[in-house]
Amino acid sequence: MDPILRRSIIYYLTHFVIWFGMLSRFLIVGDWPTFEIIPLFVPAWLASSLLFSEREESYAFLRTLPVADRAIVRTKLGLILSMGALYWVLMTVAAFARGLGSATGPAVFVYVGLVAAIGLLIAAGFQVLIWRFGITVMTGVIVVYTGVVLIATLVHTASMRFTPGWSEVTRMRGVVWLAGAPWLTHPVLVGLTLLAFYGLVQAGIRVKASSEACL
Amino acid sequence: METMLEARDLARHYEDFSLRGVSLDVRPGSITGLFGANGAGKSTVVKVLAHQAPPHAGSVRVFGLSYADEERAIKNRIGYVPQDPVFYTDIFAASVTVRWMARFVAPYFARWDGALFHALLDEFKVNPLKKIRHLSGGQKKLLAIAMALSHGAELLILDEPAAGLDVVYRRALLDRLRAFVADGSRAVVVASHVTDGLDEIADEVLFLDEGRVVLRENRDDLLSRWKWIHFKAGALDSDIERGLTEVRRQPFGNRGLTSDFRALCGRLAAAVAAGDVKVENASLEDVLASYIRKV
């Protein structure tokens, strides 16, 4: 395995295992409020994995080796894309397995796709910003982002339980509208995500090659 | 003769420092020394040449290739030692040993020579089982040098490689560098303080001052021009005396540094024969100090 990938993937996998514990609980219990909050953790989880994997990452050393910046960018961003896709697929499979598609309609799958896509694009964006501004600067930003996402998720969870009439994400107007044509929404969502991701890869290659902030 | 490294009009800008218009050619079999005061830009030039910090203007071609197109191929053929070497860390960073590092690095290089690497560790007295974080600054430098020498590099780009080394390892390094270029097919670019002894082996000399090259010359030619002139009062023509720099007037005799000894040679011959004037070789350190003060 590529050593750069091996070093980073450890952090992504440890985060994944914790998250999978939550998903497993849903697969056993099958209650809807549990599933509602599981996707909301994904953006925070991806950003947190990224933050841990970038701590003490030896870019200065890697630059002395015959490793092109392009290869590092593809490895790092490829890992984020793969993990984002893995979360996406597992949530979709879990929703299918527990029959959520029939219970709440296609909005569930649109919701899962949206959250995974946004989460992976934000994490990829953070990765490019780390190369541009350095991990020292970006640590605060990512910690605040992760904290805000987690707090919002917990507030949402508590509100669903204790506040009558609190809206579930799958019932929000935008999600419901997108779920109106799932056969169109999903390909467009995947296409736009990959397009935006490709743009981030290109930006990452330029930024990584020209910036010394991460060295 | 083929040029191994060709740099043209390099520029790189920082908030408080700019490198401007640096050009140099490195021929096979040569050791090019970049010298200058602290903050003159030596490390910046080295970083640009080794593609650690791309230039904001100008171009670098190594073995006729550009980093933009052939970064991997070039880095397989150069050995780079930074001023403060850093090494890879893993999730279990505390347990990373020198031997582990070699295993990590080996697959990246097309021509990694593990036997040579361990022979160099042996020569430098670096224990391969020692943890990287327990190495001293000098040992880290020696480890970086061993890595740079162990993958079949044809061009070494070194930033103060002798800094932090004691006299034994400094001598070993100088011998290694001499041997490296001895067959005429490889070359070294080294940024250093002249006091580190690398001035003794450099055959092309560049002086940097405030981000610019202020002198570029073959070392032997340079030192044949620069000489200390020791003279008794009144022994020198006044125009010769006025042309000297670093003049010291002392009760037991005066001395001054000339940058144009070859032109003065004939005019001094009689005074030298009479014992009123003595000529002494200047060191690169003398020349650099005088040159930078003059600039």
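Residue numbers begin at 1 in each chain, while the letters A, B, ... track the order of the sequences.
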Undergrad: Check each atom of B:Ala73 against the heavy atoms of chain A and say whether the ones under 4.5 Å are side chain, backbone, both or neither.
TA: neither

Undergrad: Hey, is the main chain of B:Tyr80 close enough, under 3.5 Å, to the side chain of A:Thr64 for a donor-acceptor pair?
TA: no

Undergrad: Counting only heavy atoms not in B:Lys42, do more than 12 fall under 6.0 Å of its NZ?
TA: yes

Undergrad: Can you confirm whether A:Ser58 sits close enough to B:Phe87 that some side-chain heavy atom of one is under 4.5 Å from a side-chain heavy atom of the other?
TA: no

Undergrad: Where on A:Ala209 is there a heavy atom nearer than 4.5 Å to chain B: the side chain, the backbone, both, or neither?
TA: backbone

Undergrad: So what's closer than 4.5 Å to chain A heavy atoms on B:Arg103: side chain, backbone, both or neither?
TA: neither

Undergrad: Can you tell me if B:Arg111 has over 12 outside heavy atoms packed within less than 6.0 Å of its CZ?
TA: yes

Undergrad: For B:Glu210, does the CD atom sit with more than 12 other heavy atoms under 6.0 Å from it, leaving out its own atoms?
TA: no

Undergrad: Could you grab the distance from atom CZ of B:Arg72 to atom CG of A:Asp69, nearest 0.5 Å is fine?
TA: 13.0 Å

Undergrad: Do A:Phe61 and B:Met101 have side chains that approach each other closer than 4.5 Å (heavy atoms only, starting at C-beta)?
TA: yes

Undergrad: Would the distance check show the side chain of A:Arg63 and the main-chain N or O of B:Gln52 forming a donor-acceptor pair, the cut-off being under 3.5 Å?
TA: yes

Undergrad: Between CZ of A:Arg7 and CZ of B:Phe104, what distance do you get to the nearest 0.5 Å?
TA: 9.0 Å

Undergrad: Hey, is CZ on B:Phe17 packed in by over 12 heavy atoms from elsewhere, all under 6.0 Å?
TA: yes

Undergrad: Under 6.0 Å from the CZ atom of B:Arg8, do we count more than 12 heavy atoms belonging to anything else shown?
TA: yes

